[in-house]
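First up is the structure itself, then whatever we jot down about it.
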Amino acid sequence: QVQLVESGGGLVQAGGSLRLSCAASGRTFRTYAMGWFRQAPGKERELVAVIASSGSSTNYRDSVKGRFTISRDNAKNTVYLQMNSLKAEDTAIYYCAAEHRPFGSGLSGEYAYWGQGPQVTVSS
């Protein structure tokens with residue numbers, strides 16, 4: 001069982017930055033690939049970024065490449081999402097999720113554990 005607790009959401013102006021953190025319980029965090037997803041009102045949940053369990057590889061959706069960075073600290077059981085140059089279209093609820101495999105998939109159904117989802121609002 002893994003519990004995920006997120007922090008760092010809020011309101012920011014377009015062009016600004018936010019960093020989301022997701023702290024995991026348990027001693028097996030390093031065996032989980034981690035993903036950040038987001039869901040805007042009236043839209044499907046979508047993958048934002050994923051990082052391998054070791055941190056050796058990452059993947060991003062095209063619209064955030066060059067602006068967002070996913071990283072993890074396995075010693076602290078924490079995964080981060082640094083979001084720069086934020087745009088109004090980044091407004092959504094952001095969820096971190098854990099998948100018990102070395103490399104994460106892009107499918108939300110593959111992730112067994114989810115955080116509570118802080119709101120990120122970007123004003124234009």
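As a basis for the values below, the full set of heavy atoms in this structure was taken, side chains included, without hydrogen atoms, waters or symmetry mates.
- In this structure the side chain of Thr69 never reaches within 4.5 angstrom of the side chain of Leu81, judged on heavy atoms.
- Rounded to the nearest 0.5 Å, atoms OH (Tyr80) and SG (Cys96) are 12.0 Å apart.
- A donor-acceptor contact shorter than 3.5 Å links the side chain of Ser25 to the backbone of Gln3.
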Query - side-chain contact (heavy atoms from CB on, under 4.5 Å) assessment of Arg30 paired with Ser54 - result: CA-CA 6 Å; Arg30 58 182 170 77; Ser54 66; over 6 Å; no
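- Rounding to the nearest 0.5 angstrom, the gap separating the CG atom in Asn84 from the CZ atom in Arg19 is 11.5 Å.
- Tyr60 is connected to Val122 through a chain of hydrophobic side-chain contacts under 4.5 Å among Ile, Leu, Val, Met, Phe, Trp and Tyr, so both are in one cluster.
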Would Thr31 and Arg101 satisfy side-chain contact (heavy atoms from CB on, under 4.5 Å), going step by step from the backbone distance to the final call? CA-CA 6 Å; Thr31 66; Arg101 55 194 295 177; over 6 Å; no
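- Rounding to the nearest 0.5 Å gives a distance of 10.5 Å between CD of Gln1 and OG1 of Thr28.
- Scanning all heavy atoms of the two residues, the minimum distance from Val5 to Gln116 falls at CA-OE1, 3.8 Å.
- Under the 6.0 Å cut-off for aromatic ring centres, Tyr111 and Tyr95 do not qualify, their centroids lying 6.0 Å or more apart.
- Because its NZ or CZ atom is not both nearer than 6.0 Å to the ring centre of Trp36 and within 45° of the ring axis, Arg45 does not count as a cation-pi partner of that residue.
- Of all heavy-atom pairs between Ile70 and Val79, the closest is CG1-CG2, 4.0 Å.
- Remark: Ile51 CD1 to Ser56 OG distance equals 8.0 Å, nearest 0.5 Å.
- Between Asp62 and Lys65 there is a salt bridge, since at least one side-chain N of the basic residue sits less than 4.0 Å from a carboxylate O of the acidic one.
- Transitive grouping of hydrophobic side chains (ILVMFWY, heavy atoms separated by less than 4.5 Å) brings Val64 and Val12 into a common cluster.
- Between the OH atom of Tyr113 and the SG atom of Cys22 there is a distance of 13.5 Å, given to the nearest 0.5 Å.
- Of the possible donor and acceptor atoms, none in the side chain of Glu110 sits under 3.5 Å from a partner among the backbone N and O of Gly104.
- Across every non-hydrogen atom of Gly106 and Phe37, the tightest pair is O-CE2, 4.1 Å.
- The shortest distance between side-chain heavy atoms of Arg67 and Gln82 does not fall below 4.5 Å.
- No donor-acceptor pair under 3.5 Å is formed between the side chain of Thr58 and the backbone N or O of Val50.
- Between Phe29 and Arg72, the closest heavy-atom pair is O-NH2, 3.0 Å.
- Counted by atom type alone, Asp73 and Thr78 present zero donor-acceptor pairs between their side chains at under 3.5 Å.
- Looking only at side-chain heavy atoms (C-beta outward), Leu86 and Leu18 come within less than 4.5 Å of each other.
- Taking OG of Ser124 as the reference point, atom CD of Glu89 lies at 9.0 Å (rounded to 0.5 Å).
- The closest donor-acceptor contact from the side chain of Asn74 to the backbone of Ser53 lies under 3.5 Å.
- The side-chain heavy atoms of Val48 and Met83, taken from C-beta on, include no pair separated by under 4.5 Å.
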Quiz prompt | Chi angles and distances behind the side-chain contact (heavy atoms from CB on, under 4.5 Å) call for Arg38, Leu47 | solution = CA-CA 7 Å; Arg38 67 186 181 187; Leu47 178 71; over 6 Å; no
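- Minimum heavy-atom separation, Pro102 to Ala33: O-CB, 3.9 Å.
- The backbone N or O of Glu44 sits nowhere less than 3.5 Å from a side-chain atom of Gln39 that would complete a donor-acceptor pair.
- Residues Leu20 and Pro118 share a closest heavy-atom pair of CD2-CG, 4.4 Å.
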